[in-house]
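First up is the structure itself, then whatever we jot down about it.
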Amino acid sequence: ALKDGNDAVDKHREVIKLDPNYRDAEMTIGLYDYTIGALPLPKKIAAGFLGHRGSKKRGIATIERVAREGNWVKEDAKTLLILLYTREKRFAEAATIARDLGAKYPRNYLYRLEMADALVAQAAMERESNHAAAPSAAETEAFATFESLLRDKNLPETTRKALDLIHFKYGEALLTAGLYDRAAKEFVASAQVAGAQEGLATMAHLYAAQALDLSGKRNDALTQYRAVLSRPNVYDAHEQAQLGLKE
């Protein structure tokens, strides 16, 4: 994989030599740079012996330049930055880019989900540092984003089919905020969406059960744990449901 990536970078460096202003070619270079820089230390050292060297900081800076000055792949670079900023726990920056792209492409629900996810992660990080209990402004915006997605009648049919995912992500956000009753309702709604993904529905029942347990509604939680065991197993869902039934 490193060799193939290096070969691709070599080709794009040739493009840059032909036209130093052709920023699009730098996205491959920046991503390769970041990927090598993000390797665990032992693998990074081994890659270095083979001539593969990189830097996360330099890689992100390169992709940021493509996002500002690129031609054909400017939006692709911005989309990639959402992922990289999230990985680096730069949630506020990830949310800003996702918010801008969501406004530009309102029919693409994924940008709005990414923005809400980043806002929730930012709020959780802030809560750890200042021990706040009430939902923050970031969480309030995230919750409003989920609500708008669920109410939006102008979304294309492909997005309407993703309501199971939207409900599920909303439930995760509410669970992170400690709003267990509301979280359970969203997880149950996710599992009940017509045509919901089987694996997602299994996990939705499990998370609903855990949220109900956290809110003190043990009998309702037991019902959801049993629903997990009646469905296809995903990861260790059945094992967690068995544990949940015991205590």
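All residue numbers refer to positions in the sequence shown, counting from 1.
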Answer yes or no: is there a side-chain heavy-atom contact under 4.5 Å between [X] and [Y]?
{"X": "Tyr32", "Y": "Asn6", "value": "yes"}
{"X": "Glu69", "Y": "Glu26", "value": "no"}
{"X": "Glu172", "Y": "Leu175", "value": "no"}
{"X": "Val15", "Y": "Asp19", "value": "no"}
{"X": "Leu80", "Y": "Met27", "value": "yes"}
{"X": "Lys89", "Y": "Phe91", "value": "yes"}
{"X": "Ile63", "Y": "Asp33", "value": "no"}
{"X": "Ser190", "Y": "Met203", "value": "no"}

Charged N to carboxylate O under 4.0 angstrom, [X] versus [Y]?
{"X": "Glu75", "Y": "Lys104", "value": "yes"}
{"X": "Arg90", "Y": "Glu64", "value": "yes"}
{"X": "Lys74", "Y": "Asp24", "value": "no"}
{"X": "Asp7", "Y": "Lys11", "value": "no"}

Do [X] and [Y] belong together in a cluster built from hydrophobic side chains that touch within less than 4.5 Å?
{"X": "Tyr180", "Y": "Phe143", "value": "yes"}
{"X": "Leu101", "Y": "Leu83", "value": "yes"}
{"X": "Leu229", "Y": "Leu206", "value": "yes"}

Separation between [atom1] of [X] and [atom2] of [Y], rounded to the nearest 0.5 Å:
{"X": "Asp10", "Y": "Ile29", "atom1": "CG", "atom2": "CD1", "result": "9.0 Å"}
{"X": "Thr62", "Y": "Arg23", "atom1": "OG1", "atom2": "CZ", "result": "9.5 Å"}
{"X": "Asp117", "Y": "Met115", "atom1": "CG", "atom2": "CE", "result": "10.0 Å"}
{"X": "Leu214", "Y": "Tyr207", "atom1": "CG", "atom2": "OH", "result": "12.5 Å"}
{"X": "Leu81", "Y": "Ile97", "atom1": "CG", "atom2": "CD1", "result": "4.5 Å"}
{"X": "Leu31", "Y": "Leu84", "atom1": "CG", "atom2": "CG", "result": "7.0 Å"}

Please name the pair of heavy atoms, one in [X] and one in [Y], separated by the smallest distance, quoted to 0.1 Å.
{"X": "Leu113", "Y": "Lys169", "answer": "CD2-CB, 4.3 Å"}
{"X": "Leu119", "Y": "Ala95", "answer": "CD2-CB, 3.9 Å"}
{"X": "Asp164", "Y": "Gln197", "answer": "OD2-N, 3.0 Å"}

query: Is the backbone of Phe146 close enough, under 3.5 Å, to the side chain of Arg151 for a donor and an acceptor to pair up by distance?
result: no

Mark yes or no for whether Asn233, through its side chain, and His238, through its backbone, hold a donor-acceptor pair below 3.5 Å.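 Looks like yes, one N/O pair under 3.5 Å.
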
task = Please assess Asp213 against Tyr225 for the test side chain to side chain donor-acceptor pair (under 3.5 Å), listing each intermediate value before the final yes or no.
result = CA-CA 10 Å; Asp213 256 344; Tyr225 284 128; 2.9 Å; yes

Step-by-step side chain to side chain donor-acceptor pair (under 3.5 Å) determination, Arg58 to Tyr34 = CA-CA 7 Å; Arg58 186 173 61 234; Tyr34 177 89; over 6 Å; no

For the residue pair [X] and [Y], confirm or rule out a side-chain donor-acceptor distance under 3.5 Å.
{"X": "Gln240", "Y": "Tyr235", "value": "no"}
{"X": "Gln122", "Y": "Glu139", "value": "no"}
{"X": "Asp181", "Y": "Ser215", "value": "yes"}

Could you walk me through whether Gln210 and Gln224 satisfy the side chain to side chain donor-acceptor pair (under 3.5 Å) test, starting with their C-alpha distance in whole Å, then the side-chain angles of each, then the deciding distance to 0.1 Å, before giving a yes or no?
CA-CA 9 Å; Gln210 293 171 343; Gln224 293 300 317; over 6 Å; no

Between His12 and Ile16, does the side-chain contact (heavy atoms from CB on, under 4.5 Å) criterion hold? Intermediate values first, please. CA-CA 6 Å; His12 281 189; Ile16 299 299; 5.7 Å; no

Next item on the list: Decide if the gap between the ring center of Phe187 and the ring center of Phe168 is smaller than 6.0 angstrom.
Entry: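 Close enough - the centres of the two rings lie under 6.0 Å apart.
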
(Q) Using the side chain to side chain donor-acceptor pair (under 3.5 Å) criterion, which residues pair with Lys56? Sequence neighbours excluded. (A)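 Lys56: side chain to side chain donor-acceptor pair (under 3.5 Å) contacts with Glu88.
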
Sorted by chain and residue number, the side chain to side chain donor-acceptor pair (under 3.5 Å) partners of Thr35 (sequence neighbours excluded) come out as none

Please indicate whether Lys185 has more than 12 foreign heavy atoms, meaning atoms of other residues, nucleotides or ligands, lying under 6.0 Å from its NZ. no

So, using side chain to side chain contact (heavy atoms under 4.5 Å, CB included) as the criterion, who are the partners of Arg231 when residues are at least two apart?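 Here the qualifying residues are Glu198, Ala201, Thr202, His205.
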
- Task: Decide yes or no on side-chain contact (heavy atoms from CB on, under 4.5 Å) for His167 and Leu150, but give the supporting numbers first.
- Result: CA-CA 8 Å; His167 278 295; Leu150 293 172; 3.6 Å; yes

Side chain to side chain donor-acceptor pair (under 3.5 Å) assessment of Tyr111 paired with Thr79: CA-CA 8 Å; Tyr111 285 130; Thr79 302; 2.8 Å; yes

Check: Does the side-chain contact (heavy atoms from CB on, under 4.5 Å) test come out yes or no for Thr223 and Leu212, once each step is laid out?
Finding: CA-CA 10 Å; Thr223 299; Leu212 288 164; over 6 Å; no

